[in-house]
Amino acid sequence: MSSLYRNALPQLNGGFFVTDGGIETTLIFHQGLELPDFAAFDLLKRPGGESALREYFRAYARIAARHNADVVLESATWRASADWGARLGYSEAELGQANRRAIELLERIRDELSETRTMAVISGCVGPRGDGYQPANMMTIDQALSYHRVQVDTFADTAADMVGAITMNYVEEAIGIALAARDAEMPVAISFTVETDGRLATGQTLADAIGQVDAASGSYPAYYMLNCAHPQHFDSVLEPDASWTGRIRGLRANASRKSHAELNESSELDIGDPAELGTQYAWLKQHRLPRLNVLGGCCGTDQRHVESIAAACAPLFRHALR
């Protein structure tokens with residue numbers, strides 16, 4: 001089946017979109033599944049694994065329907081790139097097949113929604129080559145383009161509507177992915193993660209990072225996102241009237257206020273306060289991120305958090321609801 005929205009992403013029209021929560025932490029801590037290297041895509045080759053992923057994504061589609069929202073289905077492929085695949089024993093061909101199967105799973109969920117009024121945008125998730133928290137062994141732009149091109153090109157040959165680059169912690173990798181997506185004629189959303197001071201791990205400001213990606217790619221990203229940080233880590237650096245802030249449409253925050261270093265050392269899941277997180281999203285939409293309209297979660301969040309976020313933010317989209 002072909003993509004539905006690759007040439008016109010509906011979330012760019014300002015409607016209300018829900019996406020999922022922290023897929024890896026949910027599967028590990030709540031469902032008791034083993035995910036080596038946080039590789040959710042590895043479930044696709046295990047008995048019952050595809051069923052577990054299907055039920056996970058269906059839950060968020062139901063949340064979207066309850067709140068008259070649409071949904072962005074982000075594939076379980078954050079770790080499905082060459083280096084991580086090799087660590088898990090995947091050949092290049094096997095890894096390509098895993099990426100395709102992850103999109104096919106989302107196609108089936110989209111088909112289930114076809115008789116409803118819920119739009120489902122399929123996003124092929126691309127993660128960092130290295131650690132999502134620490135920008136070690138940083139690539140040049142050309143190296144990042146070469147590394148990520150294979151996965152992006154694979155998504156271009158599926159029904160994926162777009163590419164989502166999640167947990168980018170330095171700008172050269174983000175630019176490389178944006179250029180790979182441009183070459184493949186795939187829309188792309190770039191999602192940066194920041195430290196407790198609202199800056200990238202390299203010390204670069206969020207404003208400069210977005211500006212640098214746009215300058216290097218001809219403003220190719222369809223929009224930007226923030227993920228894997230608590231709202232209190234970045235709310236003070238957002239400038240509601242700045243052009244760069246207007247480029248941010250997506251948010252997948254952590255429930256925990258802990259730093260990345262603290263999360264790395266933690267053996268227990270910190271789920272924070274789902275109701276409070278929903279309130280914080282609504283405040284950010286009203287006071288910091290006027291174009292925010294793709295809402296989900298990251299580490300420590302699950303259906304409870306996204307349900308709370310959707311309930312708190314739905315009234316802010318009444319003019320755009322169906």
Side-chain angles (χ1 to χ4, degrees), residues 20 22-28 31 33-54 56-57 73-108 122-160 162-170 172-181 183-184 186 188-191 193 227-228 264 298-299:
D20 63 304
I23 182 171
E24 295 88 3
T25 52
T26 296
L27 295 172
I28 293 170
Q31 297 190 28
L33 297 171
E34 185 176 339
L35 299 183
D37 287 329
F38 261 38
F41 80 92
D42 193 56
L43 290 174
L44 292 168
K45 71 176 185 181
R46 301 187 218 165
E50 185 168 335
S51 177
L53 287 172
R54 188 181 303 113
Y56 171 84
F57 287 110
L73 298 171
E74 195 79 54
S75 64
T77 53
W78 187 64
R79 288 299 202 210
S81 63
D83 285 4
W84 294 103
R87 280 171 57 99
L88 295 168
Y90 284 75
S91 68
E92 182 178 343
E94 290 169 335
L95 193 60
Q97 180 62 19
N99 277 287
R100 286 187 286 272
R101 284 187 62 190
I103 299 300
E104 289 167 2
L105 183 152
L106 300 182
E107 282 186 82
R108 290 191 286 274
I122 297 177
S123 177
C125 183
V126 174
R129 182 177 189 175
D131 189 299
Y133 291 163
Q134 300 177 10
N137 301 317
M138 293 167 60
M139 295 178 286
T140 65
I141 293 171
D142 287 343
Q143 288 170 335
L145 169 60
S146 177
Y147 179 79
H148 289 291
R149 186 193 299 275
V150 175
Q151 191 178 20
V152 170
D153 285 351
T154 299
F155 290 139
D157 196 37
T158 70
M162 61 178 290
V163 171
I166 306 296
T167 325
M168 296 292 105
N169 55 33
Y170 68 99
E172 289 81 4
E173 185 163 29
I175 293 171
I177 295 172
L179 295 178
D183 290 347
M186 287 288 286
V188 63
I190 301 292
S191 185
T193 186
N227 81 289
C228 208
N264 260 342
C298 205
C299 297

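As a basis for the values below, the full set of heavy atoms in this structure was taken, side chains included, without hydrogen atoms, waters or symmetry mates.
- Residue pairs meeting the salt bridge (charged side-chain N to carboxylate O under 4.0 Å, His left out) criterion with at least one member in residues 38-52, sequence neighbours excluded: Asp42-Lys45, Asp42-Arg46, Glu50-Arg54, Glu50-Arg101, Glu50-Arg108.
- Here the straight-line distance linking atom OG of Ser51 with atom CG of Leu105 works out to 9.5 Å at 0.5 Å rounding.
- Under a 3.5 Å cut-off, the side chain of Tyr147 and the backbone N or O of Glu173 do not form any donor-acceptor pair.
- A donor-acceptor pair under 3.5 Å is formed between the side chain of Gln151 and the backbone N or O of Ala80.
- Side-chain polar atoms of Asn169 and Thr193 form no donor-acceptor pair below 3.5 angstrom.
- Other residues, nucleotides and ligands contribute over 12 non-hydrogen atoms within 6.0 Å of the CG atom of Asp37.
- Looking at residues two or more places apart in sequence or on another chain, you find a salt bridge (Lys or Arg N to Asp or Glu O under 4.0 Å) between Arg149 and Asp183.
- Nearest heavy-atom pair across Cys299 and Cys228 is SG-SG, 3.7 Å.
- Taking Phe57 as the reference, nothing meets the ring-ring contact (aromatic ring centres under 6.0 Å, His included) condition, with sequence neighbours excluded.
- Taking OG1 of Thr158 as the start and CD of Glu107 as the end, the distance is 7.0 Å to the nearest 0.5 Å.
- No option in Thr77, Leu53, Asn99 other than Leu53 meets the side chain to side chain contact (heavy atoms under 4.5 Å, CB included) test with Leu44.
- Rounded to the nearest 0.5 angstrom, Ile28 CD1 and Leu35 CG are separated by 4.5 Å.
- Under a 3.5 Å cut-off, the side chain of Ser75 and the backbone N or O of Cys125 do form a donor-acceptor pair.
- Counting heavy atoms from C-beta on, the side chains of Leu43 and Tyr56 never come closer than 4.5 Å.
- With a 4.5 Å cut-off on side-chain heavy atoms, Thr154 and Arg100 count as touching.
- By the 6.0 Å contact criterion, CD on Gln31 is enclosed, its count of non-hydrogen atoms from other residues, nucleotides or ligands being greater than 12.
- A donor-acceptor contact shorter than 3.5 Å is absent between the side chain of Trp78 and the backbone of Ala40.
- Of all heavy-atom pairs spanning His148 and Gly127, the tightest one is CE1-O, 3.2 Å.
- Put simply, CZ on Phe38 and CG on Leu27 are 10.0 Å apart, with the number rounded to the nearest 0.5 Å.
- Of all heavy-atom pairs between Ile103 and Gly124, the closest is CD1-CA, 4.0 Å.
- Of all heavy-atom pairs between Asn227 and Cys298, the closest is ND2-SG, 3.5 Å.
- Of all heavy-atom pairs spanning Pro128 and Trp84, the tightest one is O-NE1, 3.2 Å.
- For the pair Ile141/Glu172, a side-chain contact is recorded, criterion being any heavy-atom separation below 4.5 Å from C-beta on.
- At least one side-chain heavy atom of Met168 sits under 4.5 Å from a side-chain heavy atom of Ile177.
- Contact detail for Ala184 and Val152: the closest heavy-atom pair is CB-CG1, 4.0 Å.
- Using a 4.5 Å heavy-atom cutoff, the side chains of Phe155 and Val126 are in contact.
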